[in-house]
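Notes for the one structure printed next.
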Amino acid sequence: MDQSQILDILKTIQYPGFSRDIVSFGMIENIRIEEKSLTLTLKLSTQQEGKKKEVVALVKEKLESTGEFDSIAIEHVEGAPSGPQPAGQIPEALPGVKHILAVASGKGGVGKSTIATNLACALKNQGHSVGLLDLDIYGPSLPIILGIADQPKTTAERKLIPIDFHGMKVMSFGFISGNETPTIWRGPLVARMTEQFFRDVEWGTLDYLVLDLPPGTGDVQLTLTQKLKISGAVIITTPQDIALSDVRKGADMFKKVQTPVLGVIENMSGLQIKGNIEGDSSSVTIEGHPIDVDESGNFSFKINLFKTGGGKQESDRLEVPLLAEIPLVQELMETTDQGKPITLSDPESDLSRIFADVAQTVDKQLQG
Ligand SMILES: Nc1ncnc2c1ncn2[C@@H]1O[C@H](COP(=O)(O)OP(=O)(O)OP(=O)(O)O)[C@@H](O)[C@H]1O
Ligand SMILES: [Mg+2]
């Protein structure tokens with residue numbers, strides 16, 4: 001037996017809870033055959049030990065049943081699956097929605113929701129019809145960020161009608177669950193709920209549906225990339241996170257399931273301080289750095305609190321553009337967290353322009 005025959009056998013094994021097989025998920029890392037002994041390395045990204053054991057047992061049973069090998073060793077390594085997308089398994093598009101745009105990161109708290117919201121607003125400012133969907137079932141943020149306490153209404157067909165937010169259609173699991181986090185739910189159930197929730201929303205026609213994804217590379221993300229035709233993903237990282245494997249896994253997952261990664265945004269990229277000085281401003285310094293002060297006494301200064309260049313490194317590694325470096329700005333936090341995104345309230349501000357540029361680049365990439 002050679003490697004390709006073994007792959008053919010492994011292709012008949014479905015990843016538990018999914019309709020896709022373990023080969024197409026990219027879970028086969030290595031196959032080594034030496035006469036009658038076979039060593040197989042699996043790459044399993046799930047956090048659930050039970051699931052890993054189940055996959056190993058299924059593989060072992062299948063390979064043993066061939067009777068071709070005296071010894072079969074199965075190893076597994078952690079990590080996002082790699083490998084090609086299966087032929088013939090075409091994820092579904094959402095009728096009426098031109099582009100699904102995922103905002104994702106391997107790690108939590110890096111600014112996905114903030115960026116997804118402002119990017120959606122920037123796309124809307126550019127004349128697109130836009131929806132924004134918070135897919136974080138464990139910790140939905142849109143109800144808080146947008147200050148929405150309304151319950152969505154339903155259509156006669158019992159589909160959820162998105163809530164209008166300044167002309168955008170928004171939906172969050174938090175709108176129906178009252179922000180109670182069902183932490184006892186396990187990965188596969190959450191994945192199923194997420195998909196069901198996704199399909200139960202009446203989006204109508206949209207140019208863009210922006211997805212605020214939960215952090216990580218678990219079952220939810222796998223389900224989404226398996227079942228939905230995501231036009232492109234924007235990866236959010238922070239300057240100091242580059243060495244973290246979580247961050248890499250997040251981006252690699254999309255690349256490997258052939259969802260185009262449109263680019264990387266480095267968030268919290270330095271701390272932007274603006275101010276005004278009265279009187280003599282010829283030799284002002286902050287932390288020892290000389291500051292340029294204009295004739296009206298205004299200055300702007302960026303302090304790099306963390307390491308720099310994380311976004312650039314990650315975009316180089318993925319061979320995609322670095323779409324933006326967004327500094328830490330109190331105004332961005334305040335405006336977004338108060339449900340008044342700066343991209344809507346002050347579209348000409350420096351910050352809003354950053355989002356407008358990203359929106360334009362993304363739009364160009366997807367149209368082209
Ligand atoms: N560039 C920024 N400047 C200032 N504050 C920011 C910036 N980006 C994000 N924040 C703030 O950091 C916090 C975390 O951001 P956010 O909720 O968008 O992250 P997240 O990646 O969606 O988190 P989670 O993984 O929990 O969903 C928020 O309070 C947000 O306002
Ligand atoms: Mg969030």
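Just so you know, ligand 1 is whichever comes first in the structure, and atom 1 is the first atom listed for that ligand.
Below 3.5 Å of separation, one finds no N or O of Ser141 facing any N or O of ligand 1. On a distance-only criterion, Gln330 and ligand 1 share no N/O pair closer than 3.5 Å. Residue Gly108 has no N or O atom closer than 3.5 Å to an N or O atom of ligand 1. In terms of polar-atom proximity, defined here as any N/O pair under 3.5 Å, Lys107 makes no such contact with ligand 1. Annotation: Pro327 places an N or O atom under 3.5 Å from an N or O atom of ligand 1; distance criterion only.
Contact annotation for Pro215 and ligand 1: only side-chain heavy atoms (C-beta onward) come within less than 4.0 Å of the ligand.
For atom 31 (O) of ligand 1, the nearest non-hydrogen atom from the set Glu334, Met333, Met268, Gln338 comes from Met333. Between the choices Thr114, Leu328, Val110, the shortest heavy-atom distance to atom 16 (P) of ligand 1 belongs to Thr114.
The closest approach between Thr336 and ligand 1 stays at or above 4.0 Å for every heavy atom of the residue. For Ser105, the closest heavy-atom approach to ligand 1 does not fall below 4.0 Å.
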Glu348/Arg353 under salt bridge (Lys or Arg N to Asp or Glu O under 4.0 Å): CA gap, chis, key distance, verdict = CA-CA 6 Å; Glu348 294 306 318; Arg353 276 172 203 271; 2.8 Å; yes
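Shown here, atom 9 (C) of ligand 1 is in close reach of the protein: a heavy atom of it lies under 4.0 Å off.
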